[in-house]
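Have a look at the structure below, then the notes.
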Amino acid sequence: MKLTVAIPSYNKEKYISRCLDSIVANKADIEKIILIDNCSADKTFEIANGYEPTITCLQNSSNLGMSGNWNRCIDECETEWLMIFHADDIMLPGAIAHYTKIIESHPTISLIHANSFSMIENNIAEKTFNEKNQKEFWTAGADALKCHYGVCSAVMVKKEAYTKLGYFINKSLSSDAEMWSRVAGSYDVGFIKEPTVIYNVNEASIGLHSLTTRSVKDIKEDWDILNEQTASHYPTEEGRKHFMDEARKHAPGTYFNVVKANLRARNYIKALQATKIIVIDYSGLFPLLGIIFCILVKNLVNLSKKLLK
């Protein structure tokens, strides 16, 4: 197995050395390591350059956005397999050997993902992601689409699958989830129970940051696109309908995360807007309650604007 580990980076000065050191420690099992910096404003690229020539460091001429930088990782990959590894995560010792082993056992797979530890404020959680997955081989199509995917850094994909299926969606900040479903719809999938990555959750994490920096309208459009695209990869109408029903069932909890994030950031108007979506679009409450809530939200928004003047 010939593997490229590509690290898309943007303003990760605080974490980049730890990340690169962990990958270099696995260098014996990696054909090429590439860092692609997305015009960082801090010393991320300068620090990464210190790892040349063990790591090839490239920098975009302009910021391509998160998914755009992932797409450049695809373009720069010249090996059979590609792992897109986030610049603030940590690769565990001996991680790649787990992927090699499952490829030897199941040579038809084109996507492999693994469990991972989460780390919040330097405290590593005891539990891992994807505990619902109980088998290591998933057949392409309806079976593989049931698999619970974890963090991007724990995923390895055949370059051939990207070449056939195309790039990550540029408009979505959750484009990795859509891509894994796209691949699973056409290719066999492997799952590794052993954790291979420590996923770092911090104040600069794109997912968390995006809940407060983007408008609620943009967040909703993003998630709507993501759900529609993901549903389209199911082979039957029944499967597509089931996915959309499940997405709708879990939507209130998803938007509640937007509410919590914006309350913590004191973005009260955005918190109200996200609450409105929960109540009006997903709660199933009587229309009259929805109308009353809209009036209350409008009055609160107007009041907030007056107080901010």
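With hydrophobic clusters built from ILVMFWY side chains whose heavy atoms lie under 4.5 angstrom apart, Met66 shares a cluster with Val155. Hydrophobic clustering of Ile, Leu, Val, Met, Phe, Trp and Tyr side chains at less than 4.5 Å, counting indirect connections, keeps Tyr167 apart from Leu58. Ile36 and Phe168 fall into different hydrophobic clusters, defined by Ile, Leu, Val, Met, Phe, Trp and Tyr side-chain heavy atoms under 4.5 Å apart, directly or through other members. No single ILVMFWY cluster, assembled from side-chain heavy atoms under 4.5 Å apart, contains both Leu64 and Ile74. Residues Ile225 and Tyr255 do not share a hydrophobic cluster, clusters being chains of Ile/Leu/Val/Met/Phe/Trp/Tyr side chains in contact below 4.5 Å.
The distance from the CG atom of Asp89 to the SG atom of Cys152 is 8.5 Å, given to the nearest 0.5 Å. In this structure, the separation between CG on Asn60 and OH on Tyr10 is 12.0 Å, given to the nearest 0.5 Å. In this structure, CD1 on Ile55 lies 4.0 Å from CG on Leu20, to the nearest 0.5 angstrom. To the nearest 0.5 angstrom, Asp21 atom CG is 3.5 Å from Tyr51 atom OH. Rounding to the nearest 0.5 Å gives a distance of 9.0 Å between CG of Asp176 and CD1 of Ile84. A distance of 8.5 Å separates OG1 in Thr44 from CG in Leu35, rounded to the nearest 0.5 Å.
Sorted by first and then second residue, the pairs that involve residues 227-244 and meet salt bridge (Lys or Arg N to Asp or Glu O under 4.0 Å), not counting sequence neighbours, are Glu237-Arg240, Lys241-Asp245. Under the side chain to side chain donor-acceptor pair (under 3.5 Å) criterion, the residue pairs touching residues 27-37 are Ser9-Asp37, Asp37-Ser40, Asp37-Gln59, with sequence neighbours excluded. Judged as a ring pair (Phe, Tyr, Trp, His ring centres under 6.0 Å), the pairs with a partner in residues 77-103 (not counting sequence neighbours) are, in order, Trp70-His86. Listed by first then second residue, pairs satisfying salt bridge (Lys or Arg N to Asp or Glu O under 4.0 Å) with a partner in residues 64-84 read Arg72-Glu76, Glu80-Lys158, not counting sequence neighbours.
At a threshold of 4.0 Å, the pair Glu104-Lys101 does not count as salt-bridged, since none of the basic side-chain nitrogens sits closer than that to a carboxylate oxygen. Between Asp222 and Arg214, at least one side-chain nitrogen of the basic residue sits less than 4.0 Å from a carboxylate oxygen of the acidic one, meeting the salt-bridge criterion.
Under a 3.5 Å cut-off, the side chain of Asn200 and the backbone N or O of Ser118 do not form any donor-acceptor pair. Within the 3.5 Å criterion, the main-chain N or O of Gln229 finds a donor-acceptor partner in the side chain of Ser232. Without hydrogens or angle criteria, Asp143 side chain to Trp138 main chain gives no donor-acceptor distance under 3.5 Å. Side chain of Thr100 to backbone of Ile96: a donor-acceptor contact under 3.5 angstrom is found. Looking at Ser22, its side chain never comes within 3.5 Å of a backbone N or O of Ile90 through a donor-acceptor pair. Within the 3.5 Å criterion, the main-chain N or O of Glu13 finds a donor-acceptor partner in the side chain of Asp42. Judged by distance alone, with hydrogens and angles left aside, the side-chain atoms of Thr236 form a donor-acceptor pair with the main-chain N or O of Gly239 at under 3.5 Å. Panel note: side chain Lys270, backbone Val216; no donor-acceptor pair is recorded below 3.5 Å. Proximity of a side-chain donor or acceptor of Ser116 to a complementary backbone N or O of Ile198 within less than 3.5 Å is not detected. Panel note: side chain Asn69, backbone Pro8; no donor-acceptor pair is recorded below 3.5 Å.
Closest non-hydrogen pair, Ser67 versus Ser175, comes out as OG-OG, 2.7 Å. Residues Asn49 and Cys57 approach most closely at OD1-CB, 3.5 Å, considering heavy atoms. Shortest non-hydrogen contact noted between Asn26 and Gly94 is OD1-N, 3.1 Å. The minimum heavy-atom distance between Met179 and Gly166, with the atom names listed, is CE-O, 3.3 Å.
Note: Tyr149 and His113 have tilted aromatic rings, judged against thresholds of 30 and 60 degrees for the angle between ring planes.
When the options Thr108, Ile109, Leu111, Leu165 are evaluated for a side-chain contact (heavy atoms from CB on, under 4.5 Å) with Tyr187, the one that passes is Leu165.
Judged as a ring-ring contact (aromatic ring centres under 6.0 Å, His included), and not counting sequence neighbours, Phe256 has no contacts. Applying the salt bridge (Lys or Arg N to Asp or Glu O under 4.0 Å) rule to Asp218 yields no partners; only residues at least two apart in sequence or on another chain are considered.
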- [ ] Report the C-alpha distance between Ile278 and Val259 in whole Å, list the side-chain angles of each, state the deciding distance to 0.1 Å, and finish with yes or no for side chain to side chain contact (heavy atoms under 4.5 Å, CB included).
- [x] CA-CA 10 Å; Ile278 295 171; Val259 175; 4.2 Å; yes
Task: Step-by-step side chain to side chain contact (heavy atoms under 4.5 Å, CB included) determination, Ile30 to Leu3 - done: CA-CA 5 Å; Ile30 302 169; Leu3 167 69; 4.2 Å; yes
TODO: Run the numbers on Glu160 and Lys164 for salt bridge (Lys or Arg N to Asp or Glu O under 4.0 Å), then give the verdict.
DONE: CA-CA 6 Å; Glu160 167 196 316; Lys164 178 181 176 181; over 6 Å; no
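For Ser181 and Thr230, the side-chain atoms include no donor-acceptor pair closer than 3.5 Å.
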